[in-house]
Amino acid sequence: MSKVFTAEEVAQHNTRDDLYIVYRGKVYDCSEYLDEHPGGEEVIMDCAGTDATEPFEDIGHSEDAHEILANLEVGELKGGVPAKPVVSAASSSSSDSSSLPLVALAGLILAVGAFLFLRT
Ligand code: HEM
C-alpha cells in the first residue's frame with residue numbers, strides 16, 4: 001500500500017535535495033530529476049512542496065514526461081484528488097460570472113462607437 005501524506009507533510013519537502021510535488025492527488029519525489037528537467041530546475045523548485053497539477057498541465061507535458069513522473073511516485077495525498085466535476089463547475093461558473101461585465105462593457109463601447117460614427 002502506498003504511503004499517504006498530508007499536505008503539511010508534503011510542504012516540508014521543499015528543498016533542492018528533498019523535493020516533493022503533488023500531481024492529481026499523488027505525491028512525487030522530484031529531487032533526483034531536477035538536474036535532468038528540460039524545462040530547468042527553477043520551475044520545479046517554484047512548485048516545491050505544493051500541488052503542481054496546474055503548472056504541469058499548463059505546459060502540456062508529453063507522454064514521456066508523464067511516464068517519468070509516474071516513476072517518481074512516493075505515495076498519495078490524504079484526501080486524494082478533489083472531485084473533478086466540483087472543480088470544473090466551480091471554475092467555469094466563476095469565469096462565467098467574471099466575463100459577464102466584460103461582455104456588457106464591450107457592448108457598451110460598440111454602441112457608443114456606432115452612435116458617434118452615425119452622427120458624423
Ligand atoms: C517531476 C515533474 C516533472 C517532470 C517529470 C517533467 C518532465 C518534463 C519533460 C520530459 C520535458 C520535455 C518536454 C516534454 O516531454 O513534454 C519538460 C519540459 C518542460 N517542463 Fe517539465 N516536468 C516536470 C515538472 C514541471 C513543472 C512543475 C513545471 C512547472 C512549470 C515544468 C515546466 C516545464 C517547461 C516550461 C518545459 C518546456 C521546456 C522547453 O521546451 O524549453 N515541468 N518537462
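Each ligand, and each atom within it, is numbered from 1 in the order the structure gives. Just so it is clear, the structure is predicted and the values come from calculations on it, not from any experiment. When a residue number appears, it is its place in the shown sequence, counting from 1.
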Output side-chain donor-acceptor pairs under 3.5 Å for residues 53-60, partner residues at least two apart or in another chain, one line each.
residue: T53; atom: OG1; partner: R24; partner atom: N; Å: 3.0
residue: T53; atom: OG1; partner: D51; partner atom: OD1; Å: 2.5
residue: E57; atom: OE2; partner: Y23; partner atom: OH; Å: 2.9
residue: E57; atom: OE2; partner: R24; partner atom: NE; Å: 2.8
residue: E57; atom: OE2; partner: R24; partner atom: NH2; Å: 2.7

Any side-chain heavy-atom pair of E8 and K78 under 4.5 Å: no
Distance below 2.8 Å from atom 21 (Fe) of ligand 1: protein N/O/S atoms: H37 NE2, H61 NE2
D64 touching ligand 1 at heavy-atom level, < 4.0 angstrom: no
Ring geometry between F5 and Y20 (parallel below 30°, tilted from 30 to 60°, perpendicular above 60°): perpendicular
Protein contact to atom 1 (C) of ligand 1 [nearest heavy atom, distance to 0.1 Å]: C30 SG, 3.2 Å
From T50 atom OG1 to N14 atom CG, the distance as rounded to the nearest 0.5 Å: 9.5 Å
Heavy-atom nearest neighbour in the protein, as seen from atom 13 (C) of ligand 1, with distance rounded to 0.1 Å: S62 OG, 4.6 Å
E32 atom CD, over 12 foreign heavy atoms within 6.0 Å: no
Atom 21 (Fe) of ligand 1 protein-contacted (non-hydrogen atom, under 4.0 angstrom): yes
Salt bridge (Lys or Arg N to Asp or Glu O under 4.0 Å): pairs with one or both residues in residues 63-72, sequence neighbours excluded: none
Which of the ligand 1 atoms, numbered from 1, are nearer than 4.0 Å to a heavy atom of I68: 5 (C), 10 (C)
Nearest neighbour in protein (non-hydrogen) for atom 2 (C) of ligand 1: L69 CD1, 3.5 Å
Heavy-atom nearest neighbour in the protein, as seen from atom 27 (C) of ligand 1, with distance rounded to 0.1 Å: C47 SG, 3.7 Å
Hphob cluster co-occupancy, V4 + V74, side-chain heavy atoms under 4.5 angstrom: no
Test item: protein heavy atom less than 4.0 Å from atom 32 (C) of ligand 1: yes
Within reach of ligand 1, part of L72 (heavy-atom separation under 4.0 Å): side chain
side-chain hydrogen bond (donor to acceptor under 3.5 Å, both in side chains) contacts in which one or both residues fall within residues 34-43, not counting sequence neighbours: R16-D35, R16-E41
Verify same cluster id: L34, I68 (apolar side-chain graph, 4.5 Å): yes
K26 to Y28, cation-pi by 6.0 Å centre distance and 45° axis angle: no
Separation between OG of S31 and CG of L72, rounded to the nearest 0.5 Å: 9.0 Å
Atom 5 (C) of ligand 1: the protein heavy-atom neighbour that sits closest, reported with distance to 0.1 Å: Y33 CE2, 3.4 Å
